There are 2 protein chains.
Amino acid sequence: MSGAPQPAIILVRPQLGENIGKAARAMLNFGLTDLRLVSPRDGWPNPSAGPAASGADVVLERARVFESVAEAAADCAHVYATTVRKRGVTKPVITPEIAARAIHSETGGSAILFGPERSGLETDDVAVARTIITVPINPAFGSLNLAQAVILVAYEWSKHEALASPPITDLGAPASQEELDGMIAQLDAMLVDAGYFFPPDRTPVVRRTLRTLLTKPGWNAQEVRTVRGVLSALTKDRPRGQARESKASSS
Amino acid sequence: MSGAPQPAIILVRPQLGENIGKAARAMLNFGLTDLRLVSPRDGWPNPSAGPAASGADVVLERARVFESVAEAAADCAHVYATTVRKRGVTKPVITPEIAARAIHSETGGSAILFGPERSGLETDDVAVARTIITVPINPAFGSLNLAQAVILVAYEWSKHEALASPPITDLGAPASQEELDGMIAQLDAMLVDAGYFFPPDRTPVVRRTLRTLLTKPGWNAQEVRTVRGVLSALTKDRPRGQARESKASSS
């Protein structure tokens with residue numbers, strides 16, 4: 001058993017209660033119990049989930065519901081997004097096998113996002129994650145359902161449970177999603193203030209680019225605080241006498 | 001791709017057509033196409049199989065039916081039996097991972113037996129096999145269904161195939177030292193301007209902290225340019241009418 005806590009399985013906008021039950025069953029087979037649901041389509045609890053869980057009721061009973069991916073992953077330092085296709089987001093793409101190794105060796109909690117049955121994760125969901133997990137699959141026939149994706153990830157994770165944890169180099173766990181989001185919001189407000197987002201129709205893409213860029217470092221909590229201090233310093237009125245081209249009216 | 005032929009998946013006395021379809025889907029996801037059925041309960045073809053296969057029709061069309069395990073595996077040099085529990089048969093028990101490696105390294109064809117949904121393989125079926133495959137599973141909750149057992153075995157097998165190579169995402173090499181230094185210098189000038197470095201005797205330490213933090217991401221050249229654009233935007237005079245209240249959105 002490694003020192004890392006077990007990863008949270010986050011189902012994002014799952015459609016059928018039956019599939020939530022199947023995912024719970026897949027999880028418990030490999031010892032995972034932390035199930036989180038983001039805006040399940042048919043509400044929660046869902047009477048179809050229990051029968052499909054085939055006895056994994058403990059997972060369903062402990063399941064927590066959130067309104068957004070960010071809230072669901074707020075306490076997690078490492079967020080992984082599972083996708084089958086390549087997305088317009090530039091992030092590292094790894095296999096479940098590599099992800100399992102990473103989750104066991106890293107400090108701080110992990111979360112793994114799974115998208116809705118039909119469509120998979122949206123680009124904005126993927127943007128929250130630092131890393132993408134893709135199951136290498138038959139290029140001529142890729143048809144993994146939700147519970148199958150969950151079981152493959154859970155299975156890989158379980159392989160490391162009996163093994164000794166490797167020596168850990170403590171770079172400090174990446175800050176939690178909540179801390180990261182706070183920093184991004186602070187910068188965003190400053191950029192709105194500065195008129196950076198122009199033209200308006202480009203704004204969502206630019207925001208995503210910034211989020212990707214700021215998620216990439218994996219800054220720890222102290223580093224995020226430092227960045228926020230830098231941003232605060234840049235927001236304050238400039239000290240007298242050090243003005244470059246700043247106008248009196250803006251001080 | 002190894003030289004060994006792909007293993008045959010032999011479903012022994014499967015009960016539901018739906019589960020045969022799901023097994024076919026699980027197989028094709030990982031490139032397996034040789035499905036063999038021993039005495040399917042409801043005969044063959046089975047109208048429930050097609051819809052459950054979700055497009056893996058080619059596997060169902062090629063499926064062959066046999067009357068006994070021995071006939072189904074007649075052309076195979078290596079027969080593996082999947083079981084969840086220990087049986088009254090003394091044979092080596094290995095994981096799907098080890099089995100996949102063996103199948104790829106051995107000469108001669110392989111077959112993997114999967115038992116009926118309810119009961120699993122009988123002792124006489126297991127007796128045909130030389131080796132037992134058992135998925136290491138939560139001892140407190142072992143509840144793998146037929147298609148899940150097939151998918152885990154197929155997944156492990158596929159890891160040694162060409163399709164198992166993970167997709168490569170080009171994140172771009174980190175920016176050159178010169179580009180990085182240019183970005184750091186730009187921020188540094190802004191922070192001097194803002195009176196951030198105080199007290200003066202702490203300045204070298206703070207500068208080193210910032211450099212470490214900005215080196216950590218490994219931002220590529222484009223990302224460094226984006227950051228410099230952000231910094232430039234924050235240096236400019238604020239556009240008229242955009243007050244600080246817009247910060248309300250930050251946490």
Side-chain angles (χ1 to χ4, degrees), chain A residues 25-26 28-31 54-56 86 90-95 97-98 134-139 141-144 148 151-152 155 158-159 181-182 185-196 209-210 213 216-219 223 226-227 230 233-234 236 238-239 242 244-247 250, chain B residues 25-26 28-31 54-56 97 135-138 141-144 147-148 151-152 155 158-159 163-172 187 190-196 209-210 213 216-219 223 226-227 229-230 233-234 236-239 242-244 246-251:
Chain A
R25 176 184 178 181
L28 193 56
N29 264 309
F30 296 104
S54 300
K86 283 180 185 172
T90 312
K91 294 178 188 285
V93 178
I94 62 177
T95 63
E97 190 175 7
I98 304 291
T134 295
V135 179
I137 213 164
N138 183 353
F141 181 80
S143 170
L144 276 186
Q148 288 170 337
I151 208 168
L152 291 177
Y155 165 72
S158 76
K159 284 188 188 173
D181 283 344
Q186 183 178 356
L187 175 63
D188 192 86
M190 289 168 68
L191 291 174
V192 167
D193 213 20
Y196 176 76
T209 300
L210 289 178
L213 184 153
K216 186 176 180 183
W219 282 325
E223 289 170 325
T226 301
V227 172
V230 163
L234 295 176
K236 279 189 209 130
R238 296 190 181 91
Q242 296 207 21
R244 284 191 305 190
E245 65 277 288
S246 72
K247 289 178 182 167
S250 73
Chain B
R25 176 184 179 181
L28 192 56
N29 265 308
F30 296 103
S54 300
E97 190 175 7
V135 179
I137 214 165
N138 183 353
F141 180 80
S143 170
L144 277 186
Q148 288 171 337
I151 208 168
L152 291 176
Y155 165 73
S158 78
K159 282 189 185 173
L163 69 91
S165 54
I168 289 164
T169 305
D170 187 6
L171 294 181
L187 176 63
M190 290 169 68
L191 291 174
V192 167
D193 211 20
Y196 177 77
T209 300
L210 288 179
L213 184 154
K216 186 174 180 182
W219 281 324
E223 288 170 326
T226 302
V227 172
V230 163
L234 294 176
K236 282 189 206 131
D237 295 334
R238 295 188 183 89
Q242 298 218 16
R244 296 264 172 83
S246 58
K247 261 197 300 182
S249 63
S250 78
S251 59

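Note that the coordinates shown come from a computational prediction; the quantities given were computed from them, not determined experimentally. What you see below is based on every heavy atom in this structure, not just the backbone, and it leaves out hydrogens, waters and symmetry mates. To find a chain, count down the sequence lines: A is the first, B the second, and so on, and within it residues start at 1.
- The minimum heavy-atom distance linking B:Ala194 with A:Ala233 is given by the pair CB-O, 3.5 Å.
- Judged as a side chain to side chain donor-acceptor pair (under 3.5 Å), and not counting sequence neighbours, B:Thr209 has no contacts.
- In this structure, B:Ile137 and A:Phe30 have side chains that are in contact, with non-hydrogen atoms separated by less than 4.5 Å.
- By the side-chain contact (heavy atoms from CB on, under 4.5 Å) test, B:Ser143 is found to be paired with A:Arg25, A:Asn29, A:Ser54, B:Phe141, residues two or more places apart in sequence or in another chain being considered.
- Nearest heavy atom pair, residue A:Trp219 against residue B:Pro217, reads CZ2-CG, 4.0 Å.
- The contact between A:Val230 and chain B is made by backbone and side chain atoms together, counting heavy-atom distances below 4.5 Å.
- Only the side chain of A:Leu210 comes within contact range of chain B, with heavy atoms under 4.5 Å apart.
- With values rounded to the nearest 0.5 angstrom, B:Leu213 atom CG is found 6.0 Å from A:Thr226 atom OG1.
- Between atom CG of residue A:Leu144 and atom OH of residue B:Tyr155 there is a gap of 10.0 Å, rounded to the nearest 0.5 Å.
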